[in-house]
Amino acid sequence: MKNKIDSILTTTLQHCFNNGKLNQTPLPDYTVEIPNHSDHGHFATNLPLTLAPSQKRRPTEIAQIIVDHLMDSEDILLKVDIAGPGFINFTIRTEQWHKCLAQIIALKDDYGRSRQGNGEKVLVEYVSANPTGPLHLGHGRGAALGDTLCRILAYCDYRVTREFYINDAGRQIQLLGESIYSRWKQMSNRNHPFPENAYHGDYIVELAKEISNQTDLDGLTQDQAIAHCAKLGKEKMLQEIKRDLADFGMTFDVWYSETDLFSSGLLDKSIETIKGTGYLYEKDGAIWIKTSELGDDKDRVIKKSDGEFTYFASDISYHLEKWKRGFSKAINIWGADHHGYVQRMKGALKANGIGEEWLTVLLIQLVKLWKGGQELKMSKRAGQFVTLRELMDEVGVDAARFVFLSKNHDSPLDFDIDLAKKHDSDNPVYYVQYAHARICSIFRKAEEEGISLTQDPKTVLERLILNEEMALIRSMAEFPSLLETICIVFEPHRLTYYLTELASLFHKYFNLGMKVPENRIICGDSSLSLARLFLADAIRIVLYNGLTLLGIHAPERM
RNA sequence: GCGCUCAUAGCUCAGUUGGAUAGAGUGACGGACUACGAAUCCGUAGGUCGCAGGUUCGAAUCCUGCUGGGCGCACCA
């Protein structure tokens with residue numbers, strides 16, 4: 001609908017240019033939006049205001065010209081007003097809204113889909129946890145964000161690749177091996193020392209048991225045993241991570257291993273490529289990249305004087321590989337503690353001629369866990385953290401995902417585990433799910449009464465005239481453009497807010513029937529009942545589609 | 001110290017990328033089931049959008065400075 005207003009405006013403007021009512025100028029950056037106040041109509045545009053400087057006329061004058069020449073070929077407008085300093089307010093004919101509703105019902109599961117992505121290839125890399133321990137809450141937030149974003153992007157015709165970068169090279173894995181080895185040693189000798197900065201979690205003990213059962217560690221040298229523990233530990237952790245994520249409702253297309261970068265020689269090749277750019281130099285026996293000339297605060301080492309590559313080196317290589325794979329856009333979801341890393345990554349890409357808009361890094365802020373009114377401090381190294389698995393077991397996947405997407409990724413999240421655990425109305429996810437279940441219940445009731453939606457909606461929808469009914473339709477009409485917006489700003493939390501709002505409109509509408517039976521959906525008047533059932537069906541469709549994009553179930557009963 | 005980021009109702013947060021009179025949830029108080037599901041709804045109360053300037057028709061939103069939180073500043077990953 002918004003698009004229709006927009007096209008009316010552009011054709012009108014063109015018309016005014018052609019007949020000389022307005023001076024031919026480039027199209028200004030105007031907006032068409034839904035006003036905050038109902039007396040401002042269904043849509044409002046600031047076009048006259050944005051046109052004023054180039055036309056050198058007063059906005060209200062321009063507004064009058066536009067309104068006088070409005071090209072409403074489909075006759076969708078009921079009322080057009082000029083208001084305030086130069087806004088134009090549009091009110092849409094009720095029949096048009098009824099058409100919108102009919103379209104939702106016709107499209108069903110596809111309502112909300114769009115062509116906006118145009119088949120563009122997008123890579124989303126998320127979670128990417130080190131396989132040195134179970135996934136924790138922070139990973140859960142990144143996972144929920146990434147997965148939902150991917151679902152929405154795919155729905156809007158982006159060709160999405162979901163990728164998990166496995167940080168399986170370097171110190172962390174070595175440390176994992178040492179940790180497991182020490183725990184194994186401690187099984188026979190309580191006093192065997194445990195490395196200071198090693199992983200303390202109980203899962204290490206479990207791994208030590210499993211691995212020592214499978215392998216005769218006594219038959220190996222210490223170094224061999226540690227290497228073996230590292231390798232098996234890593235594999236087992238990765239399996240667990242995959243299982244956790246699958247149970248959390250998501251799958252990945254690519255598991256990209258850092259060690260593969262080394263073994264395949266890609267890393268060396270990438271470094272060679274960068275050398276050609278002239279951004280590398282040697283100093284103090286190390287190789288540096290001049291990121292300071294590319295937006296970073298200082299130059300960075302990519303190969304240490306001991307001959308080893310830094311983590312940054314493999315990360316550059318990894319991103320160059322992403323680029324070569326032909327994605328028109330890459331999105332990374334990182335913990336906010338890595339934000340200092342963004343500029344250097346973009347700098348390194350720039351050195352290779354890759355524009356900085358190619359890579360978008362979404363930073364997710366800390367998740368604080370509350371239980372019993374107290375904050376639970378988490379620390380992976382100290383082995384004290386709540387795992388994603390524990391969270392899923394305690395609060396359920398639906399509630400966890402909903403809470404993770406209940407705030408902008410950019411703001412810290414307080415996860416109140418007691419609240420999310422409650423299977424009652426305090427828990428926000430139930431509000432939306434209940435709306436869906438309630439509608440399903442109405443349909444069960446309708447079936448009992450022998451009412452079914454077999455006829456053409458168009459024959460009865462004109463019976464929908466209540467303000468609450470129109471508000472519902474208008475809200476649902478926004479759904480497709482909401483999804484398009486999310487694809488541009490990468491903020492899936494808007495969907496949770498939207499669904500809560502839609503559920504709220506429905507609950508309000510439903511409650512009209514509490515006191516006034518004529519306002520019920522099944523109300524005694526057969527064509528009106530049908531019309532309202534069609535409306536309810538559309539709401540169910542939108543709630544279902546929205547919840548599915550969030551990876552949350554839309555239950556028929558609760 | 002430098003950089004990034006955030007600051008909106010008692011609390012937790014939205015705010016359609018600059019629009020008209022700033023909104024939800026929660027908490028507090030008061031109401032609505034003989035009923036399509038009360039896991040719901042209605043009402044009341046609650047604000048100098050951290051502070052001060054600037055940009056313009058118009059600022060919670062943009063620019064500058066300040067204050068206060070978070071995070072980052074390794075030849076670690």
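Below, chains carry the letters A, B, ... as their sequence lines are ordered, and counting in each starts from 1.
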Open item on the list: Heavy atoms from C-beta onward define the side chain here; which of C13(B), A14(B), U40(B) lies closest to that of H493(A)?
Closed with: A14(B)
- [ ] Please answer whether the main-chain N or O of L47(A) pairs with a side-chain N or O of T45(A) as donor and acceptor at a distance below 3.5 Å.
- [x] yes
- [ ] Would you tell me if any nitrogen or oxygen in the side chain of K508(A) comes within less than 4.0 Å of OP1 or OP2 on C42(B)?
- [x] yes
- [ ] Looking only at side-chain atoms of A437(A), point me to the closest of G37(B), A77(B), A35(B).
- [x] G37(B)
Open item on the list: Roughly how many Å apart are G10(B) and U16(B), using the P atom of each and rounding to a whole number?
Closed with: 22 Å
TODO: Nearest whole angstrom, please: distance from the P of A77(B) to the OH of Y165(A).
DONE: 11 Å
Open item on the list: Expressed as a whole number of angstroms, how long is the span from R540(A):CZ to C36(B):P?
Closed with: 18 Å
- [ ] Determine: side-chain N/O of Y430(A) to OP1/OP2 of A38(B), distance under 4.0 Å, yes or no.
- [x] no
Task: Protein-nucleotide distance (L502(A), atom CG; G25(B), atom C1'), rounded to Å - done: 17 Å
- [ ] Would you mind telling me which of A14(B), C41(B), G23(B) lies closest to the side-chain atoms of H507(A)?
- [x] C41(B)
TODO: State whether a side-chain donor-acceptor pair under 3.5 Å links E163(A) with Y318(A).
DONE: yes
Task: G27(B) and G23(B), which share atom name P, separated by this distance in whole Å - done: 22 Å
- [ ] State whether K231(A) and E235(A) are salt-bridged, where the test is any N-O pair (Lys NZ or Arg NE/NH1/NH2 against Asp/Glu carboxylate O) under 4.0 Å.
- [x] yes
- [ ] Report the glycosidic orientation of C73(B): syn if within 90° of 0, anti in every other case.
- [x] anti
TODO: Determine the interatomic distance between C1' on C62(B) and the same-named atom on G1(B); round to the nearest Å.
DONE: 28 Å
Open item on the list: Under 5.5 Å centre to centre and under 30° between planes: does that hold for F87(A) and the six-membered base ring of A20(B)?
Closed with: yes
Open item on the list: Treating H42(A) as the side-chain partner and I92(A) as the backbone partner, does any N or O pair qualify as donor plus acceptor under 3.5 Å?
Closed with: yes
- [ ] Would you say whether H339(A) stacks on G72(B)? The test is a distance between ring centres of less than 5.5 Å and an angle between planes of less than 30°.
- [x] no
- [ ] Report yes if at least one side-chain N or O of S305(A) is closer than 4.0 Å to OP1 or OP2 of C75(B); otherwise report no.
- [x] no
Task: Selected nucleotide, minimal atom distance to N408(A) side chain, candidates G37(B), A14(B), A77(B) - done: A14(B)
TODO: Return the nearest nucleotide to the side chain of S411(A); candidates are A32(B), A14(B), C73(B).
DONE: A14(B)
TODO: Indicate whether the side chain of E258(A) and that of S314(A) have a donor and an acceptor atom separated by less than 3.5 Å.
DONE: yes
Task: ring-ring contact (aromatic ring centres under 6.0 Å, His included) assessment of H409(A) paired with F490(A) - done: CA-CA 10 Å; H409(A) 58 80; F490(A) 308 127; 9.0 Å; no
Task: Span that lies between the P atom of C33(B) and that of G46(B), in whole angstrom - done: 28 Å
- [ ] Check every atom of A20(B), A39(B), U17(B) against the side chain of N36(A) and return the nucleotide holding the closest atom.
- [x] A20(B)
Open item on the list: Rounding to an integer number of angstrom, what distance separates C76(B) and C13(B) when you compare their C1' atoms?
Closed with: 36 Å
TODO: Using the C1' atom on both, measure C71(B) against A7(B) and round to a whole Å.
DONE: 15 Å
Open item on the list: Is there, by distance only and without an angle test, a donor paired with an acceptor across the side chain of R438(A) and the base of A39(B) below 3.5 Å?
Closed with: no
- [ ] Using the six-membered ring wherever Trp is involved, compare the ring planes of F510(A) and F506(A) and label them parallel, tilted or perpendicular (cut-offs 30° and 60°).
- [x] tilted
Task: d(CG, D39(A); C1', A20(B)) in whole Å - done: 10 Å
Task: Given G72(B), G15(B), C13(B), the nucleotide with the shortest approach to the side chain of D337(A) - done: G72(B)
Task: Pairing pattern in dot-bracket form [Watson-Crick, G-U; both distances under 3.5 Å; | = partner strand] for RNA chain B - done: (((((.(..((((.....[...)))).(((((.......))))).....(((((..]....)))))).)))))....
Open item on the list: So if I take residues 45-61 of chain A and measure heavy-atom distances to RNA chain B, which residues fall below 4.0 Å?
Closed with: N46(A), L49(A)
Task: Donor-acceptor pair between D398(A) and Q433(A) side chains, under 3.5 angstrom - done: yes
Task: Distance-only donor-acceptor test (3.5 Å): side chain D315(A), base A77(B) - done: no
TODO: With rounding to the nearest 0.5 Å, note down the distance linking CD1 in I331(A) to CD in E125(A).
DONE: 11.5 Å
Task: Length of the line joining M514(A):CE and C36(B):C1', which is rounded to integer Å - done: 9 Å
- [ ] Classify the angle between the aromatic ring planes of H139(A) and H136(A) as parallel (below 30°), tilted (30 to 60°) or perpendicular (above 60°).
- [x] tilted
Task: Shortest side-chain distance from R557(A), nucleotide among U17(B), G37(B), A20(B) - done: G37(B)
- [ ] Establish, from distance only, whether the side-chain atoms of D299(A) and Y281(A) form a donor-acceptor pair under 3.5 Å.
- [x] yes
Open item on the list: Any side-chain N or O of K304(A) below 4.0 angstrom from OP1/OP2 of C76(B)?
Closed with: yes
TODO: Starting from C1' on U12(B), measure out to CG on D416(A) and report it in whole angstrom.
DONE: 10 Å
- [ ] Output yes when a side-chain donor or acceptor of Y498(A) lies under 3.5 Å from a complementary backbone atom of S475(A), and no otherwise.
- [x] yes
TODO: Check the distance between C62(B)'s C1' and D29(A)'s CG and give it to me in whole angstrom.
DONE: 14 Å
Task: Atom-pair distance (CZ on F510(A); P on A38(B)), nearest Å - done: 5 Å
- [ ] Ignoring the backbone of P85(A), work out which of U40(B), G37(B), C57(B) is nearest its side chain.
- [x] C57(B)
- [ ] Look at all strands and tell whether A286(A) reaches a base, only sugar-phosphate, or nothing, counting heavy atoms closer than 4.0 Å.
- [x] base
Task: Spacing of the C1' atoms in A22(B) and A14(B) (rounded, Å) - done: 11 Å
Open item on the list: Can you tell whether the side chains of R444(A) and E448(A) come within less than 4.0 Å, N to carboxylate O?
Closed with: no
- [ ] Specify the residue among W288(A) and L512(A) whose closest nucleotide of RNA chain B lies further upstream toward the 5′ end.
- [x] L512(A)
Open item on the list: Would you measure the distance from the C1' atom in U21(B) across to the matching atom in C2(B) and give it in whole Å?
Closed with: 43 Å
TODO: Would you mind telling me which of A14(B), C41(B), G19(B) lies closest to the side-chain atoms of N511(A)?
DONE: C41(B)
